[in-house]
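Data block below; observations after.
Bear in mind the structure is a predicted one, so any value in this text is a computation, not a measurement.
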Amino acid sequence: MRTHLLKTLLLSAVYLVVNANSIDLVSRQWSIDNNSQSYSRKVSELEFKEIKGVDGVDINYFSDEDLESIDDKKSLVAIIDTGVDIDHPELKDNIWLYPECIGKSEEEKKELPCRGYNVLDGNADVSDNEGHGTFVAGLLSAKKDGVGIDGLLPKNIKIMPIKAITNFQGFTYKGKVVSSYIARAIAFAVNNGADVINLSLGIPKVIETPQLISAIDYALEKDVIVVAAAGNNNKKKNIFPCNYDGVICVGGIDIQGEKVASSNYGQVVDIYAPGEKLISTIPTNMESKVLRIGQYDLKSGTSYAIAHVTALAAALKLKGIVKNSYEFLSVLNQSSTNYSKDFWLPSVDYKKSLLVKNLYPVLLTKKMDTLEVSPRGDIVFEFEVYNPNESISAHKVCLTSDSDILTKDTCFDKEIVNGRNVIKLKSKIKSFDIESWQNFNIKLITSSDEVLVSKKASLQLVKPIKLDEAKVITKIAAGALLRIAPNIKSSALLKVIDFTANKATQDYYVLNNRSLRSIFYLNEAKKEYSPMQIKFATDINVISVLKADMNLDGTKDILVYGTSKDKREYILASYDVAGKPLFGEKSTWKLNATQFGGLNFNRGRPYFNFIKTTSKSLGDVLVPLVSRVFDLPQIDNNQDPIDYLNNVKKKRPYYLLPEVVDEEVKLQIRTLESYDFDSKLREQLDLGFYENLQFVSLLEQDNKSLMKGSVKLIFAVGEVSFNNYYVINFDDTSNFNIVKKKRSLQIHKSNITTIRSTVDGEFTQNYLITRQQERNKLAFKFSDSSKTLRFESEWEDPLSSILAAFDEGQGEYSIYVEGRYNIHLLNIVDNKIVNHSKRSINRESSFPGANFSQIFQMSQINSSKGGIYTDMQRLFGNNISVITKDGNVLSSKLKYHYSIPAQCALIGHAQIDKNMQIRLHCMGPGKLSSVYIHNVK
């Protein structure tokens, strides 16, 4: 390994001083000619593995004779991307020129998109600040001149740069949804004569707008071939535009013909192409981060695999072999080569594509990526068959399943004619207790009972969610609370946060769109939701509404948390169950919006405690206790100029004390880690002044502790290797006692996860101490054990965090770990990991600059089983699911995968009496709406 690293460093040093204009990188372009070259792949924090190529695993590029027939013909390829460096020496001669610019003066040209168009800003500036689009352009059309790299089709491709994406920070850019810019870019490309459109991007379902769908339709109707990248998230549920019938979706293979670890896969991916360690062009003003050569770099991803398919599409169009996406797909289906030893990965093959004599029908199944199963088990397969050849036909369509889940195989007599054929097959499943992902085989049968075309489709099954109970929302019309549109379903109902692990009800609130002076509160304890208006003493931009016993009288109160209208103050306002100010004129507490910040929330849960304190103005009250890096308040230090604590910024537990100042209740920032606390604790523990005392973490409160306002905190002594640490219980902000003393390796660098019991639903006294050793390695131990357990995932699947930890009783625990590509379940018995299982998850898109994440939240299904609630709406529309275990392995059963009814919006899940409930907000009855409840079993 050291020799390899030394070679890499020396090689990089040489490259730094060599003139880029004299370097020939063609021999390293394995995708065009794989003659057993090799490259390095990182497999651990400090280790690289040499991946030796397999001779011939490439695109089987054209011979010189193959290219003669197209000679100097030009195909116009639109690269809708981050822009292109149009002055790059490798590219400048192959950049499209807008016809209207011919013969125009330089001044007139400034007003025209002469060498490309920027749809984001409405001008001709297509400069590439990301390097993404320039890399794609180089793969397609870099000059063959013995310098740098060779493009795939430099003599025959003209690049039309269209800048439509940038480092987006969300779903909008300059007030418009980002997909609208992509739609404009597609229309511009089609209207200006593009033959092929290259889309190295992906977007989630939530912004798959009718405008964008129409733009794709427009391109396909005009016989423009549209090619898109599958994405780099190792999932088989792809997103727009790859999930659109007619769009050629491209995944990635490596130098050995296996799937690139990050490449998406599944039935939506039409073809695979080289997608790892590719060399291409970058903007001349951009640093080369890997190769360390000016103007060139090395990158991986399906964004670049796509170029090999785009170039082939351009070549076959120029040769007259295909004229549209459907015909191109027919050629790909017949000419692909599978190099993988373990998977079916049909890979692009240039020379074989020229041998295709007949265009056979293509099965267009992407629209049924997710299939709904009726409550009786009925399932409908509806798709299209595009037949580009009037001399070829089929007479029957047959359907089977790999795992024999259908009550019977289905065959349907249907004459497949030239053009588009709509197919509908009906069947029935045997049980809902099956995996939600199933493989189906679709075959077209000729009149002589021969298989003409076959396709394996991996489809996700979902079931309609059962509505067990409904509560009508009175007084407010449904139109004011619900928005039901084709791609966006949203509810104005917001969840009231109740800290109790097993609450009896779930309340909601609605913001007042007309004023910042009130909200509408919906109490579930009643038979129906009758909104109660809670009026504020001042304007509040509401962030959250919570329930806690703020005045410690045994009844939970309503706490409104937000900011002032000018956002210069944080506000806490308390109300009783009737919506009246809890402390009269002293009910609204304010905190100046300093660097201290507000309250923390994580995955929808508050990341703070409530502690009992005594206010001179209000008496005994509950106040928030937060973990924060901040200064030591002067009031909590010793006033002696010699004997005092150093006021350094460090992590401490801070509480917010309400006191009347100038006739207003102001929240003072105070800390439990005061001089008095430090002195008393050191005395009790017999610590020297030189021994470092360090706050580690808050522990989650159970319901009993919450109602009393008592909290448990972890403090550690020492910083180097092993720490002694102490669990300290605070009955209030003035009184504490040491509950437990333990020893652990560097607990001050660890994360603490509270463990929930599936028996009673409460948080236990036990907790999990977790330390990230490397990006794919976790070390953890239970607080009641001295034994450290270790878990390691694959390097390509870095671990993020512990999602949940459940005590199943009898010494058995279930720990859910979140990775980039998988959820991992660790079953632990008698302090040993006895089983590990995982399920792939849908993480984010390949869209440059934005992460569209799946949402995960810990929950408990019933008194014997925990799980993870996950909301995929933002990615894939109307699907939600619960990830849990079946026996000792993670379950992906159909019974836990749901579709949301057309007239309903999801409002999340609730934990009621040790059971999980999924909540929907639906239209009806009449002009009103209702909250519908599904009890997960």
So the ring pair (Phe, Tyr, Trp, His ring centres under 6.0 Å) pairs with at least one residue in residues 771-793 (sequence neighbours excluded) are F782-Y813, F791-H824, F791-H836
Judged by modelled atom types alone, do S785 and N831 share a side-chain donor-acceptor pair under 3.5 Å? yes
Side-chain contact test, heavy atoms from C-beta onward, threshold under 4.5 Å: evaluate it for L494 versus V545 and give yes or no. no
Validation row, ring centre Y898 to ring centre H934 under 6.0 Å: yes
Would you indicate whether the side-chain heavy atoms of L461 and H897 approach each other to under 4.5 Å? no
With sequence neighbours excluded, tell me which residues meet side chain to side chain contact (heavy atoms under 4.5 Å, CB included) with K236. Y265, W437, S458
Salt bridge check, K503 against E524: does any charged N sit closer than 4.0 Å to a carboxylate O? no
If you count every heavy atom of other residues, nucleotides or ligands that lies below 6.0 Å from K430 atom NZ, does the total exceed 12? yes
Check ring pair (Phe, Tyr, Trp, His ring centres under 6.0 Å) between F610 and all other residues, then give those that pass, not counting sequence neighbours. F499, F608
Should the pair K428-D378 be classified as a salt bridge under the 4.0 Å nitrogen-to-oxygen rule? yes
Got a sec: does the CD of E45 have more than 12 other heavy atoms crowding it under 6.0 Å? yes
Kindly determine whether N600 and R628 satisfy side-chain hydrogen bond (donor to acceptor under 3.5 Å, both in side chains), including the steps that lead there. CA-CA 10 Å; N600 293 341; R628 191 69 47 84; 3.3 Å; yes
One thing to verify: whether K895 and D433 come together as a salt bridge, which I'm taking to mean a side-chain N less than 4.0 angstrom from a carboxylate O. yes
Nearest heavy-atom approach of L826 to V817 is CD1-CG2, 4.2 Å
State, without any angle test, whether S403 and Q438 hold a side-chain donor-acceptor pair at a distance under 3.5 Å. yes
When the aromatic ring centroids of F695 and F677 are compared, is their separation below 6.0 Å? no
Please tell me whether F736 and F730 form a close aromatic pair, meaning their ring centres lie under 6.0 Å apart. yes
Give the minimum heavy-atom separation between S814 and K885, together with the two atoms involved. OG-NZ, 3.0 Å
A quick test of your reading: do over 12 heavy atoms of other residues, nucleotides or ligands sit less than 6.0 Å from NZ of K832? no
Using the rule side-chain hydrogen bond (donor to acceptor under 3.5 Å, both in side chains), only one of S891, S881, S892 pairs with S436; which is it? S892
Which heavy-atom pair separates N935 from D468 by the least distance, and what is that distance? N-OD2, 2.8 Å
For V882 and I861, the nearest pair of non-hydrogen atoms, with its separation, is CG1-CD1, 3.7 Å
Regarding S710 and D731, do their side chains bring together a donor and an acceptor under 3.5 Å, going by distance alone? no
